[in-house]
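For reference, the structure is listed below as structure tokens.
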Amino acid sequence: MSTRRLRSEDYNDYSSTEATPDGSPPEGINSFAAPSAYQRFGESNGTTWFQTLIHLVKGNIGTGLLGLPLAVKNAGIVLGPLSLLVMGIAAVHCMGILKPSLPFVDYGDAVMYGLEASPSAWLRTHAIWGRYIVGFFLILTQLGFCCVYFVFLADNLKQVISAANGTTNDCHSNKTTALTPTMDSRLFILSLLPFLVLLVYIQNLKFLSIFSMLANLAMLCSLLMINWYIITGIPDPSNLPLIAGWKTYPLFFGTAIFAFEGIGVVLPLENKMKNPRHFPVVLYVGMAIVTILYISLGTLGYLRFGASIQASITLNLPDCWLYQSVKLLYSIGIFFTYALQFYVPAEIIVPGAVSQVPERWALWVNLLLRTCLVCVTCLLAILIPRLDIVISLVGSVSSSALALIIPPLLEITTYYSDGLHPVTIAKDILISVLGFAGFVVGTYESLWALATPPISNTTSALVQ
């Protein structure tokens, strides 16, 4: 491997949006990731194994989790959970591949240094493009997450407001609630724009860490209440298909890989541990918890609501005050999470642009670029206001590349000259090919579904 891997002075962590042990984001958020502020191995204020486990689980739970019941519907009640298990194992394996033997590298650095160790002279010469490609997909993925947040917030707010007049204290009614007509979901998306622009103007995210912790607590409470509602009323599942049609399976792939795309937080979390040798155990235990949560909520949610399951399971909850508050609680958590997801593309794009202008214009350029990036995510959300399609498209296009395609290829290019076993090479090629197939077919089917007018549904959700 190249000796450049031993250099850590220019390390810049673009992958982490996680908080430090005291609950605040890393100093780099406030100073464009100053290298001197980065957590080194063995420092007394590094994260413990339990803190790292919590950050890992938290970093993999978001809107993708709530879309998994619809993903299981797109695969079938048997094929869906089995596919989630296989995809979870593959994703965790790829996270393990990415874990380097040397400290202080992020995802882009790991790919660049791996290419420098390649036996191919052309790959060694163009190794820097490995970092650029990862940076591009990170920007694409994180801005895609932000688009999903816009649509998620709009859909849930629209449903809460539409059902406001019919909201009752009865959470067990099987009647269809007549919803009050409201403005189009695109207008809800647009109405969120000024609030999210102001949110990303707060560059000192230590101020937002308090809201972030409250948001995490709100999302946890919401998940507990959603699971309780699901398990207390599962009907006879005999009419559900064991295996869905092949046409919808690519949509399952996009949604599932969107949910599992937490690979960007792996290296930063390891680098911040007091004892990084414990990280492999933390990784496998944490992702086992996440996989079990994904399979259970996806399967039970589909069993509970059947063919009427919507893009987010929160949209299937009854129109009573208790579960309306669940929608609002989870929406609050997603609202503040937007700023953390926005950090990654902002930290890649903004500093380079600001460095090109005089100092007196730096602040204005910074704010202008942040505003433009938020407006881009808002515009894309308005153009694609269908939550299930946005999630599947983002997962197929960018999450598959980061989670399934790049890590196996990186292992081959890095260790091939060291006598990599043929079985390992075959395994890596298989994972990458399957990831690429999901990338192509999932993107095609998502775009096809986007171009196809959605089946007209009633403006109310039937509580089963």
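Checked by atom type, the side-chain pair Arg131/Tyr107 shows no donor-acceptor distance below 3.5 Å. Using a 3.5 Å distance cut-off with no hydrogens or angles, the side chains of Thr314 and Tyr323 do not pair a donor with an acceptor. When only modelled atom types and interatomic distance are considered, Thr63 and Tyr330 share no side-chain donor-acceptor pair under 3.5 Å.
Residue pairs satisfying the salt bridge (charged side-chain N to carboxylate O under 4.0 Å, His left out) criterion with at least one member in residues 277-294, sequence neighbours excluded, are absent. Within the structure, no pair that satisfies the side chain to side chain donor-acceptor pair (under 3.5 Å) test touches residues 429-439, not counting sequence neighbours.
Side chains of Val134 and Met112 form no contact here, defined as non-hydrogen atoms less than 4.5 Å apart. A heavy-atom distance below 4.5 Å is found between the side chains of Phe150 and Leu196. Residues Phe188 and Asp155 have side chains not in contact (no heavy-atom distance under 4.5 Å, counting atoms from C-beta outward). Proximity of Leu199 to Phe342: side-chain heavy atoms (C-beta onward) are nowhere separated by under 4.5 Å. Using a 4.5 Å heavy-atom cutoff, the side chains of Pro69 and Phe305 are not in contact. The closest side-chain heavy-atom distance from Met225 to Leu317 is not below 4.5 Å. The side-chain heavy atoms of Leu140 and Phe136, taken from C-beta on, include a pair separated by under 4.5 Å. You'll find the side chain of Thr141 stays beyond 4.5 Å of the side chain of Leu138, heavy atoms only.
Between Gly435 and Phe253, the closest heavy-atom pair is O-CZ, 4.2 Å. In this structure, Ala403 and Ile257 approach most closely via the heavy-atom pair CB-CD1, 3.9 Å. In this structure, Gly286 and Leu56 approach most closely via the heavy-atom pair CA-CD2, 4.0 Å. In terms of heavy-atom proximity, Val111 sits nearest to Gly130 at CG1-CA, 3.6 Å. Contact record, Ser118 with Leu123: OG-CD1, 3.4 Å, taken as the closest heavy-atom pair. Here the closest non-hydrogen pair linking Lys327 and Pro318 is NZ-O, 4.3 Å.
Taking the centre and axis of the six-membered ring of Tyr229, the NZ or CZ atom of Arg304 falls inside the cone set by 45° and 6.0 Å.
When the ring pair (Phe, Tyr, Trp, His ring centres under 6.0 Å) test is applied to Tyr302, no partner is found at least two apart in sequence or on another chain. With sequence neighbours left out, His126 forms a ring pair (Phe, Tyr, Trp, His ring centres under 6.0 Å) with Trp122.
Side-chain atoms of Arg124 never come within 3.5 Å of backbone atoms of Leu115 as a donor-acceptor pair (strictly under, hydrogens ignored). Judged by distance alone, the side chain of Ser355 and the main-chain N or O of Gly352 form a donor-acceptor pair under 3.5 Å. Of the possible polar contacts, one joining the Ser296 side chain to the Leu293 backbone as a donor-acceptor pair under 3.5 Å is found. For the pair Asn316 (side chain) and Ser308 (backbone), a donor-acceptor distance under 3.5 Å is present. Thr414 contributes no side-chain N or O that, together with a main-chain N or O of Glu411, makes up a donor-acceptor pair within less than 3.5 Å. The main-chain N or O of Thr48 is found under 3.5 Å from a side-chain atom of Gln51 such that the two form a donor-acceptor pair.
By the neighbour-count criterion of 12 heavy atoms within 6.0 Å, atom CZ of Phe335 is densely surrounded, having more than that number from other residues, nucleotides or ligands.
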Report all side-chain donor-acceptor pairs from residues 70-95 shorter than 3.5 Å, counting only partners two or more places apart or in another chain.
from	atom 1	to	atom 2	distance (Å)
Lys73	NZ	Ala307	O	3.0
Asn74	ND2	Leu70	O	3.4
Ser83	OG	Leu79	O	2.8
Ser83	OG	Tyr249	OH	2.8
His93	NE2	Lys427	NZ	2.7

Side-chain donor-acceptor pairs of residues 387-396 under 3.5 Å, sequence neighbours excluded:
from	atom 1	to	atom 2	distance (Å)
Ser392	OG	Leu251	O	3.4
Ser392	OG	Ser446	OG	3.0
Ser396	OG	Ser392	O	2.9

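Residue Phe50 holds its CZ atom at 10.5 Å from OG1 of Thr52, rounded to the nearest 0.5 Å. Annotation: the span from Leu223 atom CG to Leu65 atom CG amounts to 5.5 Å, rounded to 0.5 Å. Note that SG of Cys147 is 7.5 Å distant from OH of Tyr338, once rounded to the nearest 0.5 Å. Taking OH of Tyr415 as the reference point, atom CD1 of Ile97 lies at 10.0 Å (rounded to 0.5 Å).
Using a 30° and 60° split on the angle between ring planes, Phe145 and Phe258 fall in the perpendicular class, above 60°.
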